[in-house]
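The next block holds one structure in the form of structure tokens; read it before the comments.
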Protein chains: 2
Amino acid sequence: MSHLSLAQQRLLDAAADAFAEKGFGGTSTRDIAARMGRSSAAVYIHYGTKEELLYAISFQGHQEALAVLREARDAVEDPAAQLWAMVHRFSQWHMVHARRARVVQYEFGALAEEHRAEIRDLRREMSQLTVEVLGDGVASGAFVIADLEGTARAVLSLCIDLVRWFDPGLARNQERVAVLNADLAMRMVASPRTSLEG
Amino acid sequence: MSHLSLAQQRLLDAAADAFAEKGFGGTSTRDIAARMGRSSAAVYIHYGTKEELLYAISFQGHQEALAVLREARDAVEDPAAQLWAMVHRFSQWHMVHARRARVVQYEFGALAEEHRAEIRDLRREMSQLTVEVLGDGVASGAFVIADLEGTARAVLSLCIDLVRWFDPGLARNQERVAVLNADLAMRMVASPRTSLEG
DNA sequence: GTCTATATGTTGATAGAC
DNA sequence: GTCTATCAACATATAGAC
């Protein structure tokens, strides 16, 4: 699965940069090759079509993002601390890997139907994970939430929309934005009586 | 500005549908023409290039979205009511016009530099409008906000990210989602002492 | 305003030398 | 694995008839 050669990973990174900048449809295999300093034929050594390249990027990216959410949850026990960590790290991931994350989030529709189905499963796992944590918080009385699934979606939207505007050059702002998002997510769900705000 | 013939508006709608589905770079002028039942030459009657077509869609869309925010604010006086209405109507707009809104939000990078500069101004106006309302709420004691600009961005993210996943076929959910987003935005900013939650 | 036809360049992908 | 050379299809955009 993740046994990619260095050359292969360089190819994926070049393709992701190009897709993020010009979109999947607006990127030519020559664009990608030029970013690696190679000829366009080099693109087809590891992947048979441009779409397979996109799928590899998308699959790897979704797995990474899902792992980030899982690790954040597993690092702590309290639902409030779990949600805070999840939003903080998920936001960070979307800023640190802004270009790859943009492809992951925006080029779903460019995947072949068979590949879309696989990615859909990974996305569902992310939603379910978030819904579970929100549900645990409601059960413990820490959260007050009327619509679990809608609120989970909204919390993830806060992080995902970063790829639309965040400039990876603004590295200094990353931590500030990640903390802001995590704090805002807490406000969105916290019971008024257990406010953690300063 | 908004003096578009019916044929012209049909062209923009066909182009927006195509761009939303396949991306700007992935859409050919033949795609657009086929959606209108015309030949590809018909695309060039009103606009000289594919990019001009995108700019027309983007400009019109941003103006509409900005007007929606302004009207929501102007309809009421209290900052809390203003913010609720803005998020409610801005969310609605992104769901009702999901395909056009997707082009508006995602194809900024495909615009020519001169056009990007104009669109940037409209986006800045939206941010400023939101920051102002949040600032008024802080001044009146209704809101408690540490980072005005960051929070304004987050509130708009909630609405904008709808275009990534919302299916216009799910018309029944529109009002539910719009109300949820507006309620969540209130939680994000409301002073703990003035909670409006049920 | 719309068509057919077309000029000119670019595209994804492959063949075959090294 | 990487290159050069190439193919057939497709791209944007235009010319000129109706």
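Chain identifiers are assigned alphabetically (A, B, ...) following the order of the sequence lines, protein sequences preceding nucleic acid strands; residue numbering begins at 1 within each chain.
Other residues, nucleotides and ligands place no more than 12 heavy atoms under 6.0 Å from the CZ atom of A:R99. Other residues, nucleotides and ligands contribute only 12 or fewer heavy atoms inside 6.0 Å of the CD atom of A:E149.
In terms of heavy-atom proximity, A:A14 sits nearest to A:I32 at CB-O, 4.0 Å.
We find that CG of B:D31 is positioned 11 Å from C1' of D:dC10, with the value rounded to whole Å. Between the CZ atom of A:R30 and the P atom of D:dC10 there is a distance of 16 Å, rounded to whole Å. The separation between A:Y44 atom OH and D:dA5 atom C1' is 15 Å, rounded to whole Å.
Taking a heavy-atom distance under 4.0 Å as the criterion, the stretch of DNA chain C touched by chain B extends 5' to 3' from C:dG1 to C:dT4.
Residue B:R116 is tested with B:E114, B:E118, B:E113 for a salt bridge (charged side-chain N to carboxylate O under 4.0 Å, His left out); the sole match is B:E113.
Contacts of A:T27 with the nucleic acid, taken as non-hydrogen atoms under 4.0 Å apart, involve only primed sugar atoms and P, OP1 or OP2. Nucleic acid contact for B:S28: sugar-phosphate only, since backbone atoms but no base atoms lie under 4.0 Å from a heavy atom of the residue. At a threshold of 4.0 angstrom between heavy atoms, the contacts of B:A42 are confined to the sugar-phosphate backbone, with no base atom among them.
A:E107 has its side chain out of reach of A:R102: every pair of non-hydrogen atoms, C-beta onward, lies at least 4.5 Å apart. Residues A:R123 and A:H62 are in side-chain contact: their nearest non-hydrogen atoms beyond the backbone lie under 4.5 Å apart.
The nearest heavy atom of DNA chain D to B:E51 and to A:I45 marks one nucleotide each, and the one closer to the 5' end goes with A:I45. Of the two residues contacting DNA chain C, namely B:H46 and A:T49, the nearest-nucleotide position lying further toward the 5' end is that of B:H46.
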